[in-house]
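Indexing begins at 1, ligand by ligand and atom by atom, following the structure's order. Not measured: the values here are computed from a predicted model. Numbering starts at 1 and runs along the sequence shown.
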Amino acid sequence: MPLRQGRGASSFWRTTLSTTLDALLPPLCLLCGAPCGMDDATLCAACRRDLPALPALRCPNCLTETPQGERCGACLTHPPHFDCAFALYRYDFPLDRLVLDLKYHARFALARRWGAELAKASADFAADFVIPLPLHPERLKTRGYNQALEIARHCARARHLPLDANSLAKCRATPPQSGLSLKARQKNLKGAFCCTRDFSGQRLLLVDDVLTTGATANEAARLLKRHGATHIAIAVAARALRR
Ligand SMILES: [Zn+2]
Ligand SMILES: [Zn+2]
């Protein structure tokens with residue numbers, strides 16, 4: 001027993017010491033390891049400056065670059081079910097690393113930061129509820145949390161809006177979307193979501209970590225509009241765009 005007690009005591013002091021140091025020292029940048037400012041527990045100023053930016057002039061619907069910032073041809077021909085989109089960054093190196101850090105390594109400081117920034121970016125879109133894109137319960141069980149909900153809760157708090165993380169659910173597990181064409185993705189998602197609330201006359205802000213083809217957000221928006229929502233915006237940390 002003395003051995004076990006000894007180990008327990010040293011681990012107690014290690015934890016206490018590291019907690020004290022964490023409180024005293026500035027957090028380290030997730031990308032380069034340099035100390036961050038005390039106001040940011042994620043990135044140093046230099047790494048923040050280098051994050052991949054969205055095109056300055058872009059389609060308000062899907063965020064692809066357009067000459068005057070007008071709606072793109074694709075959105076004019078096949079308007080998505082969501083009315084506009086907000087993103088903080090282009091999904092590219094090194095942002096892809098940060099997205100994975102939040103998704104698989106529970107770096108919740110990123111969700112806090114992105115949620116607060118999305119609240120500012122989406123401020124012009126009046127909304128009644130903030131809704132995270134849901135995970136299938138099986139996926140949630142293995143991962144332990146939904147990264148979209150982590151971002152959405154901070155966005156809702158900063159905007160003083162109610163968060164509804166229960167009415168929209170992923171009721172069918174879908175095979176991974178990566179590597180599928182847009183058509184295949186759309187087929188893959190048919191009936192994947194279910195909604196248990198009447199959103200008649202409501203304006204909804206849907207939140208996710210990444211918008212790739214938009215097929216997932218589009219399917220969720222289609223269902224929410226069938227449940228009465230009049231306007232839907234999608235807010236994401238990163239938008240994947242063709243170069
Ligand atoms: Zn850095
Ligand atoms: Zn577009």
| Is the shortest distance from a Lys or Arg side-chain nitrogen in Arg222 or Glu219 to a carboxylate oxygen in the other one below 4.0 Å? | yes
| Pair Ile234-Val236, side-chain contact (heavy atoms from CB on, under 4.5 Å): steps then yes or no | CA-CA 7 Å; Ile234 171 93; Val236 293; 4.0 Å; yes
| field | Pairs meeting criterion side chain to side chain donor-acceptor pair (under 3.5 Å) with involvement of residues 130-145, two or more places apart | value | Arg143-Gln147
| query | For residues 190-206, which residue pairs qualify under salt bridge (Lys or Arg N to Asp or Glu O under 4.0 Å), counting only residues two or more places apart or in two chains? | reply | Asp164-Arg197
| message | Before you tell me yes or no, could you show the steps for Lys225 and Asp83 under salt bridge (Lys or Arg N to Asp or Glu O under 4.0 Å), namely the whole-Å CA-CA distance, both residues' side-chain angles and the distance that decides it to 0.1 Å? | response | CA-CA 11 Å; Lys225 283 204 166 160; Asp83 303 277; 3.0 Å; yes
| query | From Leu133 CG over to Leu149 CG, what is the distance, rounded to the nearest 0.5 angstrom? | reply | 11.5 Å
| note | What lies under 2.8 Å from the Zn ion (ligand 2), restricted to protein N/O/S atoms, is Cys59 SG, Cys62 SG, Cys72 SG, Cys75 SG
| request: For the Zn ion (ligand 1), check which protein N, O or S atoms are under 2.8 Å away and list them. | output: Cys29 SG, Cys32 SG, Cys44 SG, Cys47 SG
| Is Val130 reachable from Val210 through a run of hydrophobic residues whose side-chain heavy atoms are each under 4.5 Å from the next? | yes
| query | Side chains of Glu65 and Leu241: closer than 4.5 Å at any heavy-atom pair? | reply | no
| said: Assess the residue pair Arg58 and Thr64 against the criterion (side chain to side chain donor-acceptor pair (under 3.5 Å)); give the C-alpha distance rounded to whole Å, side-chain angles, the decisive distance to 0.1 Å, and a yes or no. | reply: CA-CA 5 Å; Arg58 51 192 189 246; Thr64 51; over 6 Å; no
